[in-house]
Colleague: 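One structure, pasted below without further comment.
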Amino acid sequence: MPLTSIPPPASESRPVRGALLHKLCGEEGLFALGVSIARVVQLASSDDAGAQSLAYYVLSDAALTQKILRLANTTMYRTAGGTPVTTVSRAIYLLGFDNVKMAALAMLLVDTLSNSEHAHSVRLELEAALCASLIGREMGRLGSYQGAEDASISALFKNIGALLIASQEHARFREIGALVAGGKHSQSQASQMILGSSYDALSCAVLQAWKIPDLIVRSLSPLGPGPQKVAINRQEWIRQVATFSIEAAKLLARQGDLADNAGTGELHQRFGAALNIDLNQMEKIGATVQEEMRCLLQSMNLPLQRSIEDDDADGLPDVLQLASMDGDDAHVLGAYASGKPANAHDLLLAGVQEVTQMRAAGQGKVNDLILAVLETLYRSMGFRFATVCLKDAQRRQFRARLAFGERQAERQAGFAFPLHSAYANRDLFHLAMRNDADLMIADALSPKICDLLPPWHRALLPDARSFIVLPLVVQSVPLGLFYADRIHPAPEGVTADETALIRALKGQVLVALTP
């Protein structure tokens, strides 16, 4: 079934050319981008499960993890005197679910599209999209409708059509730009002439092909000319915010601020009454967004710059090489053959400090604390899979409640065993809890260890070659355990300092669980 755009207004009745849309959505990298964007957009924020799902998603991508953590540690977000943010769980708590979700979407766009050979054109459109998303978020906070997140997402994707053409069909992008520069055609008219579709219709069609919710897709359709009236519903308000945001972003790029001048005045004349915003508020939004933009670009190793003179320079300038990491991130410390990072001690120490600060400040529920500890263990020790297993009295079993790593959902669902076992004396997990013994297994294929592994573990994790078991025992009552494994043996073991830090992490959870 051919891909077509959503029904556009009468002035844009010509459908997006099928071949062009198929090229933009069918190319392997862009198809993967669409799948990733759809997944992030659909993450719900209504409960703890949403935050956990977002944390799982971010942690599945090492580069994305580093960028989110770097954003959380920028001066704008990191609390004065606070310890460094070392876990994505903590970053979500500190920045807020919607901020991390929006940052993840922005970083997906940048990671995929910035590698175009047409650095200048793509960079300008990317900066406009990122800036528009921040303006949309600020407008959402000021608006009378709930839903700042939807407004911000719509603003982020308002120019996705132009962005994709700049990246994938640069010759056409330049032709459209030349027509607009001639002063006789609007951008909509020029893109319709060159592409057989306006940029707005193309944006709608691409997001529809990516299975983005209709609320967001419909918000990208163009507004009529002239001053806008107050929206009659939330859908229309988001549509106005998306258009205002991208136009304000481009104005900010040209002027450097939104101080009262001809450009700002025209923008205010068109949207001021509809969005209930005055010139002073616009100027304040511009100043706030400039600082937020600086932090966002810094987290992606993209310093704010707009003075690239050569539109067709070969390759990207160094600042756009996103694979590189600034500061300490650029120093690759390496890892053992098992996967354990060589700087495991430093990572564990940072995690202990972060979790300790969480408890001291009275921040987060027990579930948040457990999630932060689990993530610290998972990342600091280079585990393949990590979970926390807690007592479920109703089901009369210990059952995995949270997990990170490969095939996380599948393995979490299968990680369960009975509270009591007739073979408890030959079951490593029951023995660990009964004796409150922290176990660091360097080689799970050792005959003596194999004899103590229960059948459910052999079936669920047959390739686990090294693992740890940290019982959670409060007042002699086993409440559960932390478990984490790798697919390689770990002959390097765990140093005394690392063991002390791991036990300190566990200790924070035990204190929180103690009645």
Colleague: Looking at residues at least two apart in the chain, or sitting in another chain, which of them share a salt bridge (Lys or Arg N to Asp or Glu O under 4.0 Å) with R39?
Modeller: none
Colleague: Applying side chain to side chain contact (heavy atoms under 4.5 Å, CB included), can you list everything that pairs with E169, at least two apart in sequence or on another chain?
Modeller: L20, K23, I165, R172
Colleague: Please enumerate all residues that pass side chain to side chain contact (heavy atoms under 4.5 Å, CB included) together with A350, with sequence neighbours excluded.
Modeller: T86
Colleague: Side chains of S221 and R239: is there a donor and an acceptor less than 3.5 Å apart?
Modeller: yes
Colleague: Sequence neighbours left out, what pairs pass ring pair (Phe, Tyr, Trp, His ring centres under 6.0 Å) with at least one residue falling in residues 124-143?
Modeller: none
Colleague: Please enumerate all residues that pass salt bridge (Lys or Arg N to Asp or Glu O under 4.0 Å) together with E175, with sequence neighbours excluded.
Modeller: none
Colleague: Checking side-chain polar atoms at under 3.5 Å, does R70 have a donor or acceptor matched by the opposite partner on Q298?
Modeller: no
Colleague: With sequence neighbours excluded, what pairs up with Q353 under the side chain to side chain contact (heavy atoms under 4.5 Å, CB included) test?
Modeller: T83, L349
Colleague: Can you confirm whether more than 12 heavy atoms, excluding those of Q269, are under 6.0 Å from its CD atom?
Modeller: no
Colleague: Residues in side chain to side chain contact (heavy atoms under 4.5 Å, CB included) with A259, at least two apart?
Modeller: D257, E283
Colleague: Sort and list the pairs that fulfil salt bridge (charged side-chain N to carboxylate O under 4.0 Å, His left out) and have at least one residue in residues 261-280, not counting sequence neighbours.
Modeller: E247-R270
Colleague: With the side chain counted from C-beta on, respond yes when I37 and L109 share a heavy-atom pair under 4.5 Å apart, and no when they do not.
Modeller: yes
Colleague: Go through the structure and list residues passing side chain to side chain donor-acceptor pair (under 3.5 Å) with T356, not counting sequence neighbours.
Modeller: Q508
Colleague: Do N159 side-chain atoms and A162 backbone N/O form a donor-acceptor pair below 3.5 Å?
Modeller: no
Colleague: Using a strict 4.0 Å threshold on nitrogen-to-oxygen distance, state whether D368 and R90 make a salt bridge.
Modeller: no
Colleague: My understanding is that only residues two or more places apart in sequence, or in another chain, count here; which of them pass side chain to side chain donor-acceptor pair (under 3.5 Å) with N99?
Modeller: R137
Colleague: Output the distance between atom CZ (F385) and atom CZ (R407), rounded to the nearest 0.5 Å.
Modeller: 10.0 Å
Colleague: With a 4.5 Å cut-off on side-chain heavy atoms, are V230 and N276 touching?
Modeller: no
Colleague: Among all residues two or more places apart in sequence or in another chain, which pass the ring-ring contact (aromatic ring centres under 6.0 Å, His included) test with F271?
Modeller: F244
Colleague: Going by ring-ring contact (aromatic ring centres under 6.0 Å, His included), name the residues that satisfy it together with Y378, two or more places apart in sequence or in a different chain.
Modeller: F404
